[in-house]
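As structure tokens, the structure follows; a few thoughts come after it.
The analysis underlying the following values was restricted to heavy atoms, covering all of them including side chains, and did not include hydrogens, waters or symmetry mates.
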Amino acid sequence: MRKILLPLLLLLLLTAALPATAEGTDEDWSLVDELVLFSDDGTLTLLTPTEAPVVNAAREDFIDRIIENGRQLYEQANGRAQRAQYAGDIYVCKNFTTYLFRQNRDDFRMAAYPDVTLVIPDNLPSAECAPYYYGFWWKDVPASEGNPFEVAAQFIYNSDLSKDENMQLALAFMKQVQRGDFFQMSADYQYGVGAHSAIMISDYDPETNTVHWMDSNMLGKKINGERYGYVQYDAEKSIEWWAEAFCVKRRGATLYRLRDDIVYADEAQ
């Protein structure tokens, strides 16, 4: 009986210490600083709740809108290849990611530069990539000129290391993928050779060892001599599949991530 009464008494004391709430309303348990756990022998443990991570609602909204627009283009394509031949075709891989960014950027700013329109850098020209291949670097545009991205992680093949050592670094790089990352690589893999752009739509999943993404023109075909590419949404592959694509001499990959100070344009000061 004593084992039962002690926990009940302590629970009553804890409840009495809480602020009263209006009749018919929910109790405000958010004001409780500690949680009480009782064991079978009547002893108690006080647990302090872990603080929830701070979420930047504007930044998350920006990412949500980009991903939603990608889903819409995927559904509009309805499995049909889209022209990806000319500089103005939005279904060229980098054009696709750039288009989605530009469709949504006007509602957002960086808190540090509230008067500057957001921009997405072009790929670094081939001549400036030497001795590496073109495709896994963007131009170095400063935030003060509107670039809201930072390099979150990068893999560059190191010829001083073995192939296996490079692969381990490439896999470690892919484990850093987060939802909303703009992914850029120079690859030599089953779908072709050269640069490719994608947007990651989920964090790396350690349980499945995969990432999910959306893109255009990774898969494609020629129609009447012109390139046509397929839009992918919620595509999924293992990180080994990705690493094998860019873990090649003179090639690499970069994760570009939106800064933490993204704010709504109408709230920027």
Side-chain angles (χ1 to χ4, degrees), residues 66 70 73-74 77 81-102 119-141 147-159 166-167 169-171 173-174 176-178 180-201 211-222 225-233 235-258:
I66 289 171
L73 290 180
Y74 167 76
Q82 306 297 306
R83 196 182 67 184
Q85 175 72 23
Y86 303 104
D89 291 339
I90 68 168
Y91 294 100
V92 176
C93 60
K94 178 63 186 286
N95 289 1
F96 182 77
T97 59
T98 297
Y99 174 82
L100 293 175
F101 174 85
R102 289 176 176 169
V119 300
I120 182 169
D122 295 330
N123 287 351
L124 193 68
S126 296
E128 298 180 42
C129 295
Y132 301 100
Y133 288 115
Y134 166 83
F136 65 94
W137 270 308
W138 288 356
K139 290 182 179 179
D140 187 16
V141 178
N147 179 13
F149 292 94
E150 297 175 325
V151 174
Q154 187 172 65
F155 168 82
I156 302 175
Y157 193 95
N158 186 343
S159 295
N166 272 286
M167 179 59 68
L169 293 174
L171 292 172
F173 161 81
M174 287 302 301
Q176 298 181 63
V177 165
Q178 291 184 12
D181 285 351
F182 279 55
F183 176 87
Q184 194 71 41
M185 73 174 178
S186 174
D188 185 351
Y189 65 134
Q190 69 185 94
Y191 297 129
V193 178
H196 187 66
S197 307
I199 300 175
M200 297 298 173
I201 64 174
V211 294
H212 293 245
W213 80 95
M214 62 182 184
D215 67 2
S216 178
N217 202 33
M218 174 183 279
L219 308 174
K221 62 182 179 180
K222 286 290 186 73
E226 295 180 332
R227 173 75 179 184
Y228 279 69
Y230 292 95
V231 181
Q232 296 188 107
Y233 179 83
E236 179 183 11
K237 290 285 189 183
S238 70
I239 61 171
E240 284 85 1
W241 182 88
W242 280 99
E244 288 171 359
F246 58 76
C247 186
V248 180
K249 289 182 179 180
R250 297 176 61 194
R251 300 192 185 276
T254 308
L255 291 175
Y256 290 97
R257 186 168 298 160
L258 286 171

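- Checked against the 6.0 Å centroid threshold, W213 and F183 do not count as a close aromatic pair.
- The CG atom of L255 sits 7.0 Å away from the CD atom of Q176 when rounded to the nearest 0.5 Å.
- Formation of a donor-acceptor pair under 3.5 Å by the E240 side chain with backbone atoms of L171 is not found in this model.
- The closest side-chain heavy-atom distance from R227 to K222 is below 4.5 Å.
- Minimum heavy-atom separation, Y134 to S126: CB-OG, 3.3 Å.
- One finds the NZ atom of K139 at 12.5 Å from the CG atom of N147 (value rounded to the nearest 0.5 Å).
- Checked against side-chain hydrogen bond (donor to acceptor under 3.5 Å, both in side chains), E150 has no partners two or more places apart in sequence or in another chain.
- No hydrogens or angles considered: nothing links the side chains of E128 and W137 as a donor-acceptor pair under 3.5 Å.
- Inter-residue side-chain proximity for T254 and W138 is flagged as unmet; no heavy-atom pair is nearer than 4.5 Å.
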Q. Going through the checks in order, is the ring pair (Phe, Tyr, Trp, His ring centres under 6.0 Å) test met by F136 and F246?
A. CA-CA 9 Å; F136 65 94; F246 58 76; 9.1 Å; no

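- The NE2 atom of H196 lies 10.5 Å from the OH atom of Y191; values are rounded to the nearest 0.5 Å.
- Of the candidates N217, N95, T98, T97, S197 forms a side chain to side chain contact (heavy atoms under 4.5 Å, CB included) with just one, namely T97.
- The nearest pair of heavy atoms linking R250 to Y157 is N-CB, 4.2 Å.
- Residue I239 holds its CD1 atom at 11.0 Å from CD of E244, rounded to the nearest 0.5 Å.
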Q: Run the numbers on L73 and Y99 for side-chain contact (heavy atoms from CB on, under 4.5 Å), then give the verdict.
A: CA-CA 11 Å; L73 290 180; Y99 174 82; 3.9 Å; yes

**Q.** Chi angles and distances behind the side-chain contact (heavy atoms from CB on, under 4.5 Å) call for I90, F96
**A.** CA-CA 5 Å; I90 68 168; F96 182 77; 5.6 Å; no

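- For F149, the CZ atom is densely surrounded, since the number of other residues' heavy atoms within 6.0 Å is greater than 12.
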(Q) Determine whether W241 and M174 satisfy the following criterion, side-chain contact (heavy atoms from CB on, under 4.5 Å), listing intermediate values before the conclusion. (A) CA-CA 10 Å; W241 182 88; M174 287 302 301; over 6 Å; no

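- Shortest non-hydrogen contact noted between L100 and G70 is CD2-N, 3.6 Å.
- Between Y256 and F101, the ring centre distance reaches or exceeds 6.0 Å.
- Scanning all heavy atoms of the two residues, the minimum distance from G135 to A195 falls at CA-CB, 3.4 Å.
- Taking the ring axis of Y133 as reference, the NZ or CZ atom of R251 stays within 45° of it and closer than 6.0 Å to the ring centre.
- Expressed to the nearest 0.5 Å, how far CG of D215 lies from CE of M200 amounts to 9.0 Å.
- Taking 4.5 Å as the limit, some side-chain heavy atom of I66 sits within range of a side-chain heavy atom of M214.
- The structure places CZ of R83 at 6.0 Å from CD of E226, a figure rounded to the nearest 0.5 Å.
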Q | W242/M185 under side-chain contact (heavy atoms from CB on, under 4.5 Å): CA gap, chis, key distance, verdict | A | CA-CA 10 Å; W242 280 99; M185 73 174 178; 3.8 Å; yes

